[in-house]
Amino acid sequence: MRELTRVRTLPPVGAALRVIRVLGPAIGLWYVWDRRGGVSRSRGGLSRRLRIAFERLGPTYIKLGQILSAGEGVFPEELVSEFRLCRDQVPAESFATVRRTVEEDLGRPLESVFASFDEIPIAAASIAQVHAARLLSGEEVVVKVQRPEIDRQVRRDFAVMAWLAPLLVGRIPVAALANPPALIELFAETIGEELDFRLEAENMLDVAHVLARTAPDSPRRALVVPRPHPTLVSRRVLVMERLHGYPWGDAATMQAAGIDTAQVLMAALIAFLEGLVLFGVFHGDLHAGNLLVCPDGRVALLDFGITGRLDERGRLAFLRLVMAAATNDVRAQVAAMGELGALPGDIDVDRVIADLRLDQPVIDPTTMDAEQLTNEIREITKSLLGYGARMPKALMLFVKDMLFIDGSMATMAPDVDVLAQTFAILSHLQTTHGTRIAQDLGINPSALGGVELAGIRSSFGLDEEVERLTHRELQARRRLIRARLQQGHRSKQGTDR
Ligand SMILES: Nc1ncnc2c1ncn2[C@@H]1O[C@H](COP(=O)(O)OP(=O)(O)O)[C@@H](O)[C@H]1O
Ligand SMILES: [Mg+2]
């Protein structure tokens, strides 16, 4: 990683010229056409041109685009929604190339390992493609094969980026909360891990191990991980157990087949959180392409290129944060944010509580008008920036995963009461793992305290009377707030002009 992000004195000239040739016109056209059309149009135009340029520049930039697209609430909304469209569908490598890579890496002819090998891949993305195959033993497997040129290409792209990035810093408006250094580190680490499938196989084993240890007696675990083949793993080739299931996005088909999708989603979420709070390890790249729902309702996790890890200190801080949220202990929550590295270590907890009015009853944001909303957001952002708040890397992955789960609820569990569900998950953690958690935190199990609905309610911005809130209702609230903000934005532009 260090090598990837090292800044050289001289740019790799040819490669840099290519980047400038593609990015230059994109930015230039934006400058001429969209820039003066108001903030939203300007950002929208730049985002679109950048997205198309990134797609042309290839895998490294596509990957960067995907990371940016996960930055909801951190980067401008126009950029985030545009980069969600970043297509990662590249024509597949020819079968001859695939054969050559597999044979080179495994050191044997294809036929001496596989009884059959599908020439057409199941999926082809920018870094690798995946083929279904069968071992001589008859076992069904998939073979993930890396593109042969990708390693060289990524190194070259990074060399250019490392040289260009310092020139761009300060010229492109990005919220400081985004923590650019952590983003670049995350990016380099991500892509570095994805270029070595031995690391991916190790991640798979780690996550599987954590799942086995969290629910050792459970007859049916909620999450499954395909088993990597013990000997058929190399830098560019990863042979693993093939799993079958429904595509994640296809809730209607699952429901028609009698699968309780709300139940599936919640069980998977609990298993995910258990792995995180008890062991600090989690799948760091949840999205529809990386998940399958098995016919028995278990969720198969695929693609361990990005795995979230909290060190012991971070894990304990996270555990404290969750437990403090459960018991509605605001002080402890702010302190835990500090320990997590999201706030500076010497932060004055009482001041934060007073500034952000965390000790006061929440005001339901749907009762505010556009101006109040805008002011509220501005004030909170200003305070957070003032403290030097930062999103630590692991937290970034976690938030991204939770945004995905939240989106999945819309189709898989729209009528689930999110308040009751959050309550149930927190109670589950306390009752099932209370002894361990108390031991970790160095307290008496009885001191964990009961889960409080009041805290959950206020974290959703609801006032006291509300007893339940379905995900559908939650979405309607968000739509209302977003519309009001946009309206406010527009009328402000109107008066400015
Ligand atoms: N173990 C597996 N069993 C069945 N299908 C798989 C398995 N692993 C990957 N796939 C299929 O291949 C696709 C791409 O695999 P993935 O590991 O996500 O690659 P990438 O890193 O290119 O996204 C997945 O979306 C899934 O459809
Ligand atoms: Mg994938």
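Order of listing sets the numbers, starting from 1, for every ligand and every atom in it. Heads up: numbering here begins at 1 and tracks the sequence.
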Could you check whether any heavy atom of Gly289 sits closer than 4.0 Å to an atom of ligand 1, since that is the contact criterion I want to use?
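For ligand 1, residue contact (heavy atoms, under 4.0 Å) with Gly289 is present.
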Assess Leu243 for proximity to ligand 1: is some non-hydrogen atom of it under 4.0 Å away?
yes
Near the Mg ion (ligand 2) (under 2.8 Å) - protein N, O or S atoms
Asn290 OD1, Asp303 OD2
At less than 4.0 angstrom from any non-hydrogen atom of [X], what atoms of ligand 1 do you find?
{"X": "Ala125", "result": "22 (O)"}
{"X": "Glu241", "result": "1 (N), 2 (C)"}
{"X": "Pro226", "result": "1 (N)"}
{"X": "Met240", "result": "1 (N), 8 (N)"}
{"X": "Val130", "result": "12 (O), 14 (C), 15 (O)"}
{"X": "Lys144", "result": "16 (P), 17 (O), 19 (O), 20 (P), 21 (O)"}

Check ion pair [X]-[Y] (N to O, under 4.0 angstrom):
{"X": "Arg313", "Y": "Asp311", "value": "no"}
{"X": "Arg472", "Y": "Asp415", "value": "yes"}
{"X": "Asp157", "Y": "Arg152", "value": "no"}
{"X": "Arg227", "Y": "Glu139", "value": "yes"}
{"X": "Glu55", "Y": "Arg51", "value": "yes"}

Arg48 charged N/C atom sitting above Phe54 aromatic ring, 6.0 Å / 45°
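No, cation not above the ring by the 6.0 Å, 45° rule.
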Would His283 and Phe304 count as a close aromatic pair, with their ring centres under 6.0 Å?
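Close enough - the centres of the two rings lie under 6.0 Å apart.
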No-hydrogen, no-angle side-chain donor-acceptor test under 3.5 Å, Arg309 and Asn203:
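Checked: Arg309/Asn203 side chains pair up, N/O donor to acceptor below 3.5 Å.
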Indicate whether the side chain of His229 and that of Glu241 have a donor and an acceptor atom separated by less than 3.5 Å.
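No donor-acceptor contact under 3.5 Å links the two side chains.
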Less than 4.5 Å apart, any side-chain heavy atom of Val113 and any of Leu136?
no
If you measure every N or O of Glu200 against every N or O of ligand 1, does any of those distances drop under 3.5 Å?
no
Could an N or O of ligand 1 be found under 3.5 Å from any N or O of Arg242, whether backbone or side chain?
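By distance alone, the answer is no.
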Is it the side chain (CB and beyond), the backbone, both or neither of Asp303 that lies under 4.0 Å from ligand 1, heavy atoms counted?
both
Flag, side chain of Asp296 to backbone of Arg298, donor-acceptor distance under 3.5 Å:
yes
